[in-house]
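Here the structure comes first, spelled out in structure tokens, and everything after it is commentary.
The chain is numbered in sequence order, starting from 1. In this text the structure is predicted, and so the values were computed from the model without any measurement.
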Amino acid sequence: MAQIAFENVHKVYPGGITAVSDFQLEIADGQLVVILGPSGCGKSTTLRMVAGLEEVTSGSISIGEKAVDGVPSKDRNVVMVFQDHALYPHMTARENMAFALKLRKLPKSQIRTRIQEAAHILGLENLLDRRPKALSGGQRQRVAVGRAIVRKPAVFLFDEPLSNLDAGLRARMRMEIKRLHVRLGATMLYVTHDQVEAMTLGQQIVVMRHGVIQQVADPVALYDSPANKFVAGFVGSPPMNFFEGHVRWQDGQLVFAADGGFVLPVPKAALAGLSDYVDHPVTLGIRPEHVGSAAAERVAGATRITASVEVVEPAGCESRVYLRTGDDCFVIRVDSHETFPVGEQVSPALLIEKMHFFDPATETSLNKP
């Protein structure tokens with residue numbers, strides 16, 4: 001079994017710098033979990049503590065129901081795939097993959113079999129005799145993954161392994177890693193700042209900020225029901241739009257009155273969460289794809305606001321249109337064939353059932369399940 005458990009894990013560096021605070025998480029055997037967050041949020045430090053490359057200040061980490069605190073890295077039966085491949089330049093791909101196995105003094109026949117199996121999984125059969133300088137970035141990363149596979153670890157750790165690849169290679173390597181997970185059924189912990197990687201790879205996503213877990217959820221739940229404003233704004237491209245304002249009663253109906261001047265009805269699903277915020281500030285959030293255009297007038301539950309077009313960014317099948325209403329700027333995603341002349345007034349429709357509300361002080365979500 002290769003489940004991973006974190007119990008109240010803290011990491012504090014000399015000088016009192018806290019990198020990870022009260023990290024609690026359980027990763028099931030065979031699960032692929034992604035830790036997502038901006039640079040400096042503590043995600044790589046968390047991974048390095050699992051690998052034994054960083055010591056835990058307090059708390060405990062278990063792998064396979066066995067506490068590994070104080071256990072040397074080489075004895076934890078985990079492997080780490082780094083961002084920079086870390087291949088020996090003077091060795092061939094085959095020799096790089098065999099190196100750790102030779103140190104463990106495995107029989108030559110077993111080493112050869114393991115390398116052949118890994119090469120077949122990763123499509124490296126014709127590249128084994130090349131040195132790293134004769135391989136592309138994607139091929140070098142596959143060799144690095146192959147070097148991990150041949151060791152048959154209990155846990156795979158990935159520290160932003162695709163950051164140095166171009167967009168096309170990243171997409172292909174994401175597919176390779178996902179296919180690898182399905183084939184091996186191994187426990188994998190993957191760290192990234194790229195939300196596309198997180199959403200496409202993770203069975204569960206752990207969002208971190210300032211060393212603290214913000215939310216743990218599957219990709220759909222994370223996107224549809226963010227726990228706070230940070231998660232709502234970090235997950236999604238373009239990010240969620242936010243408007244400051246307050247809620248009040250108007251003509252017997254609870255409404256959101258934006259500081260920018262527009263007024264929107266509060267959806268029934270949000271009434272319970274906002275009942276204690278009448279005449280108090282709240283933050284409204286809505287994703288760009290939930291703000292329609294001319295076609296949205298046919299959508300039930302939509303209400304319109306007036307805005308002016310500032311910038312249009314064509315993006316293939318869709319366009320991103322940046323709008324202004326009062327002092328508020330926001331972005332919408334529309335079909336690329338729809339016309340939005342810069343400087344003109346438009347009336348985009350907001351799907352009110354898709355609106356999110358947040359406490360401006362704590363940033364926690366006010367939407368009740």
Side-chain angles (χ1 to χ4, degrees), residues 36 38 166-168 170-171 193-200 207 219-220 222-226 228-247 255-267 269-270 281-358 360 363 365 367:
L36 172 67
D166 61 44
R170 283 203 304 271
H193 65 273
D194 186 326
Q195 52 131 343
V196 175
E197 283 182 28
M199 298 292 280
T200 54
V207 181
V220 174
L222 193 73
Y223 192 81
D224 290 343
S225 304
N228 56 43
K229 185 180 176 183
F230 173 78
V231 175
F234 193 77
V235 175
S237 180
M240 183 179 284
N241 298 299
F242 296 109
F243 304 91
E244 300 303 323
H246 63 279
V247 291
V255 299
F256 170 81
D259 293 344
F262 63 86
V263 177
L264 300 172
V266 170
V282 297
T283 300
L284 164 68
I286 189 163
R287 295 202 180 277
E289 63 269 28
H290 297 148
V291 186
S293 56
E297 64 187 10
R298 298 188 297 272
V299 179
T303 188
R304 293 187 173 279
I305 63 174
T306 301
S308 59
V309 180
E310 292 203 328
V311 176
V312 179
E313 289 183 345
C317 65
E318 68 176 25
S319 294
R320 298 177 180 181
V321 183
Y322 292 82
L323 305 172
R324 176 178 292 276
T325 178
D327 293 331
D328 292 314
C329 293
F330 62 104
V331 59
I332 66 175
R333 291 168 55 184
V334 299
D335 188 282
S336 59
H337 295 95
E338 294 190 49
T339 303
F340 285 82
V342 173
E344 288 200 4
Q345 295 283 311
V346 295
S347 299
L350 287 76
L351 302 181
I352 61 172
E353 71 274 12
K354 296 294 186 179
M355 295 194 302
H356 297 262
F357 295 92
F358 304 92
E363 296 193 346
S365 174
N367 289 49

Task: ring pair (Phe, Tyr, Trp, His ring centres under 6.0 Å) partners of Tyr223, counting only residues at least two apart - done: none

Open item on the list: Counting C-beta onward and ignoring hydrogens, is there a side-chain heavy-atom pair between Val309 and Leu323 closer than 4.5 Å?
Closed with: yes

Open item on the list: Which residues pass the side-chain hydrogen bond (donor to acceptor under 3.5 Å, both in side chains) test with Ser319, not counting sequence neighbours?
Closed with: none

- [ ] Identify the heavy atoms of Met355 and Ile286 that sit nearest to each other, and give their distance.
- [x] CG-CD1, 4.0 Å

Open item on the list: So that I know where these two stand, are Phe243 and Phe256 an aromatic pair - ring centroids less than 6.0 Å apart?
Closed with: no

Task: Ser365 and Asn228, any side-chain heavy atoms less than 4.5 Å apart - done: no

Open item on the list: Looking at every non-hydrogen atom in both residues, tell me the closest pair between Gln345 and Ser308 and how far apart they are.
Closed with: NE2-CB, 3.4 Å

Open item on the list: Would you say that Phe230 contacts Pro38 through its side chain, given a criterion of any heavy-atom pair below 4.5 Å between the two side chains?
Closed with: yes

TODO: Taking the side chain as every heavy atom from C-beta outward, state whether Arg287 and Lys354 have any atom pair closer than 4.5 Å.
DONE: no

Open item on the list: Contact between Pro265 and Ile352 at the side-chain level, heavy atoms closer than 4.5 Å - yes or no?
Closed with: yes

Which atom pairs, donor and acceptor, lie under 3.5 Å between side-chain atoms of residues 327-334 and protein residues at least two apart or in another chain?
unit_1	atom_1	unit_2	atom_2	d
Arg333	NE	Glu318	OE1	3.2
Arg333	NE	Glu318	OE2	3.2
Arg333	NH2	Glu318	OE1	3.2

- [ ] Taking all heavy atoms of His356 and all of Pro226, pick out the closest pair and write down the distance.
- [x] CE1-CD, 3.6 Å

Task: Heavy-atom pair of closest approach, residues Gly285 and Phe242 - done: CA-CD2, 3.9 Å

Open item on the list: I'd like to check Ser237 versus Val196 (side-chain heavy atoms, cut-off strictly below 4.5 Å). Are they in contact?
Closed with: no

- [ ] Determine which pairs satisfy salt bridge (Lys or Arg N to Asp or Glu O under 4.0 Å) with at least one residue from residues 340-349, sequence neighbours left out, and list them in order.
- [x] none

TODO: Rounded to the nearest 0.5 Å, what's the gap from NE2 on His193 to CZ on Phe234? Could you check?
DONE: 8.0 Å

- [ ] Indicate the atoms forming the closest heavy-atom contact of Pro360 with Glu244, along with that distance.
- [x] CB-OE1, 4.3 Å

TODO: Go through the structure and list residues passing side-chain hydrogen bond (donor to acceptor under 3.5 Å, both in side chains) with Asn241, not counting sequence neighbours.
DONE: none

Task: pair Phe357-Thr283: side-chain heavy atoms closer than 4.5 Å - done: no

Task: For Glu313, all residues meeting salt bridge (Lys or Arg N to Asp or Glu O under 4.0 Å), sequence neighbours excluded - done: none

- [ ] Could you tell me the separation between the CG atom of Asp194 and the OG1 atom of Thr200, rounded to the nearest 0.5 Å?
- [x] 8.0 Å

Open item on the list: Applying side-chain contact (heavy atoms from CB on, under 4.5 Å) to Phe358 and Val282, what does each step give before you reach the verdict?
Closed with: CA-CA 6 Å; Phe358 304 92; Val282 297; over 6 Å; no

Task: Val235 and Leu36, any side-chain heavy atoms less than 4.5 Å apart - done: yes

- [ ] Taking all heavy atoms of Pro239 and all of Gly233, pick out the closest pair and write down the distance.
- [x] CB-O, 3.2 Å

